[in-house]
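Read through the structure below, which is laid out as structure tokens, and then see the notes.
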There are 2 protein chains.
Amino acid sequence: MATGRAHRPATRSRGIPEATVARLPLYLRALTALSERSVPTVSSEELAAAAGVNSAKLRKDFSYLGSYGTRGVGYDVEYLVYQISRELGLTQDWPVVIVGIGNLGAALANYGGFASRGFRVAALIDADPGMAGKPVAGIPVQHTDELEKIIQDDGVSIGVIATPAGAAQQVCDRLVAAGVTSILNFAPTVLNVPEGVDVRKVDLSIELQILAFHEQRKAGEEAAADGAAPPVAARKQQRSTGSADQGPDGDVPAVMPA
Amino acid sequence: MATGRAHRPATRSRGIPEATVARLPLYLRALTALSERSVPTVSSEELAAAAGVNSAKLRKDFSYLGSYGTRGVGYDVEYLVYQISRELGLTQDWPVVIVGIGNLGAALANYGGFASRGFRVAALIDADPGMAGKPVAGIPVQHTDELEKIIQDDGVSIGVIATPAGAAQQVCDRLVAAGVTSILNFAPTVLNVPEGVDVRKVDLSIELQILAFHEQRKAGEEAAADGAAPPVAARKQQRSTGSADQGPDGDVPAVMPA
DNA sequence: CATTGTGAAACAATTCACAGCC
DNA sequence: GGCTGTGAATTGTTTCACAATG
């Protein structure tokens with residue numbers, strides 16, 4: 001993660017481990033699904049299965065938030081949804097700008113889970129003047145020239161970069177200069193940012209390469225342990241990737257604004 | 001499983017840490033950029049800066065691969081590119097299928113870095129019969145019915161799921177049944193897969209929620225340490241790696257051929 | 001003598017296992 | 001009896017610091 005770490009004497013009394021923070025959204029999603037099915041309570045075992053982690057980890061994670069469960073019973077779904085939302089800061093409104101409206105930018109703009117959780121697409125921005133005014137996901141695309149004004153007027157603090165790699169640093173600099181302090185970068189580039197600005201990246205090609213590594217290893221083992229019985233049996237929950245327990249990265253290229 | 005490829009020339013014992021594997025693609029990208037600029041050698045310090053990590057970590061990472069550097073000099077760029085590529089399995093061809101050709105699927109299909117590194121889009125698949133035959137990124141979309149045949153005929157072992165959440169598990173099951181053993185999942189769902197199948201996920205809303213958490217914390221600290229240097233002060237693009245560990249799990253992208 | 005490679009130390013995350021409570 | 005919450009043990013990762021070396 002990218003938090004500047006110069007002086008930070010252990011954040012508040014609330015020192016939630018980064019690995020835990022990365023899993024909270026996962027729990028929240030599972031809880032939301034339960035909530036929609038009007039399930040009142042859930043055990044750590046059940047919730048862990050739904051989120052794809054093991055129950056000990058889940059309980060440990062929750063223990064950093066407080067004691068929100070009831071021994072012998074489990075957790076109150078609605079209450080937990082609220083607590084996690086609050087902890088993640090989702091009880092407030094986060095206006096977001098998406099820069100680079102190619103296929104990827106459009107996909108992001110159309111992404112539902114976006115709007116649903118406190119995030120609001122404040123603006124779609126593209127460098128192509130031909131895109132200006134064109135609606136994507138019901139929102140008219142605006143030209144890059146408007147970037148600073150939009151950020152300041154709407155108090156945007158989160159920016160999403162979905163431009164080609166070549167434009168990313170420049171866009172990043174403008175976002176930061178205008179006041180954005182958190183950036184989600186889909187361009188396959190390392191962004192340089194000042195202290196205090198958080199950057200997370202999503203990079204498709206990195207994810208594929210990691211998969212290739214493991215795939216190769218599987219092939220090698222297979223050849224080595226040649227003819228061994230195929231161990232395909234019990235179902236395993238996926239492990240998340242790094243970054244967020246999912247970490248990952250994936251760089252998806254915005255197919256350039258034509 | 002398709003290609004049996006016993007391959008273990010490396011003198012190192014098996015077991016490169018997962019965290020290291022996740023960073024190799026990053027180093028590779030930075031090295032590729034250097035290679036294109038015909039830079040012959042690079043020090044751990046320089047390369048680390050380009051990849052956005054610190055040099056001690058980089059050296060430790062490389063130490064798991066073997067001793068490929070020269071004391072007092074640095075690393076030979078071309079040689080390292082080759083060694084890392086080999087370690088990641090990128091010296092072989094990896095056919096990939098992308099299922100779900102919406103905006104996201106199209107963005108992925110158009111992604112250049114895809115084809116560049118051993119990955120080849122073997123097929124684009126969508127459930128909408130209306131899409132069939134329509135070319136995306138120069139490749140005609142095929143109907144879901146063809147999925148099994150394509151995977152078997154092309155020996156595909158890596159699948160990318162870019163469908164809506166509701167279809168993901170079903171698509172996943174079919175991919176796995178047909179022989180896919182590595183999946184990159186863009187749908188916001190936890191996938192259940194049998195033992196031996198790798199899943200990595202890329203989830204936009206999780207990334208945003210993590211950013212929101214840190215953003216909220218910044219706001220809190222600001223209020224607490226009131227009056228302290230406004231986060232909007234020294235805002236110049238710096239090459240500082242100070243706040244630089246970007247990425248979810250500590251993966252950082254580097255320059256890439258646009 | 002600049003720079004790698006690596007033990008050892010420090011730190012972080014995960015898992016175990018069980019006391020405590022409903 | 002069932003399930004949470006958490007210290008303690010374990011495993012994994014990062015950082016330090018310096019001896020080894022081209």
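All chains are named by letter (A, B, ...) in the order of the sequence lines, taking the proteins before the strands, and each is independently numbered beginning at 1.
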Between [N] and [X], is there an OP1 or OP2 to side-chain N/O distance shorter than 4.0 Å?
| X | N | answer |
| --- | --- | --- |
| A:Y75 | D:dG5 | yes |
| B:S44 | C:dT4 | yes |
| A:R59 | D:dG2 | no |
| A:N54 | C:dT14 | no |
| A:K60 | D:dT6 | no |

Audit row: B:T20, B:F62, side-chain contact (heavy atoms from CB on, under 4.5 Å) steps and yes/no: CA-CA 8 Å; B:T20 294; B:F62 285 179; over 6 Å; no
Pairwise 5' ranking along DNA chain C for B:G74 and A:P17, keeping only the more 5' one: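 Going by which nucleotide is closer to the 5' end, it is B:G74.
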Residue met sooner reading DNA chain C from 5', once A:T20 and B:V73 are mapped to nucleotides: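 Whichever sits nearer the 5' end wins; that is B:V73.
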From D:dG22, C:dT14, D:dT14, nucleotide with atom closest to B:T70 side chain: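 Looking only at side-chain atoms, B:T70 lies closest to D:dG22.
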Nearest to side-chain heavy atoms of A:S67, which nucleotide of D:dG22, D:dG5, C:dT14: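 From the listed options, D:dG5 comes nearest.
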Touch class at under 4.0 angstrom, heavy-atom based, for B:G69 against every strand present: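 Sugar-phosphate only.
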B:R71 (side chain) and C:dT4 (base): donor-acceptor pair under 3.5 Å: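 Under the 3.5 Å cut-off, the side chain and the base do form a donor-acceptor pair.
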Close aromatic pair by centroid cut-off 6.0 Å: A:Y68 and A:Y79: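 Aromatic pair counts; centres sit under 6.0 Å.
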